[in-house]
Amino acid sequence: MEKSEFKQKTRQLIDDLAAYIDKLDQKADEIADDAKQEYREQLDNLKWIRDNLSSKLAEYEKVADGKWEVIRESASNFFASVADAWKENYEKVADAFRK
């Protein structure tokens with residue numbers, strides 16, 4: 001993955017995640033009382049993922065192009081792990097709506 005591609009994908013993921021979090025925040029009152037605590041915890045996890053991703057992107061943007069080759073695999077692994085964490089938390093939040 002090239003540096004510019006990584007930055008573009010990461011920015012898109014951050015934007016998508018932010019929009020999804022806003023949508024979930026608006027629906028917080030619609031879920032059953034017994035599921036609200038778990039819902040809020042998962043929402044907080046998604047916010048942490050978003051904030052962590054934004055922070056990492058800022059770090060990677062400061063890396064000189066010549067050094068990008070050295071950290072390319074780490075950046076790709078980070079992107080994959082964030083995507084996996086988002087999917088896992090999405091499923092948990094979706095389950096809260098089903099209760």
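The residues of the chain are indexed from 1 along the displayed sequence.
- With sequence neighbours left out, Asp25 forms a side chain to side chain donor-acceptor pair (under 3.5 Å) with Arg40.
- Not a single side chain to side chain donor-acceptor pair (under 3.5 Å) links Glu59 to another residue, sequence neighbours left out.
- Looking at residues two or more places apart in sequence or on another chain, you find no salt bridge (Lys or Arg N to Asp or Glu O under 4.0 Å) involving Asp51.
- Looking at residues two or more places apart in sequence or on another chain, you find no side chain to side chain contact (heavy atoms under 4.5 Å, CB included) involving Asp15.
- Evaluation of the side chain to side chain donor-acceptor pair (under 3.5 Å) rule for Gln12 yields Asp16 as partners, not counting sequence neighbours.
- Scanning for side chain to side chain contact (heavy atoms under 4.5 Å, CB included) contacts around Gln8 gives an empty result, with sequence neighbours left out.
- Of the inter-residue distances, the one linking Asn52 atom CG with Asn45 atom CG reads 11.5 Å to the nearest 0.5 angstrom.
- Leu43 CG to Lys47 NZ: the interatomic distance, rounded to the nearest 0.5 Å, is 4.5 Å.
- How far NZ of Lys7 is from CZ of Arg11: 5.5 Å, rounded to the nearest 0.5 Å.
- The distance from the OG atom of Ser54 to the CD1 atom of Ile49 is 12.0 Å, given to the nearest 0.5 Å.
- How far CG of Leu53 is from CD1 of Ile14: 4.0 Å, rounded to the nearest 0.5 Å.
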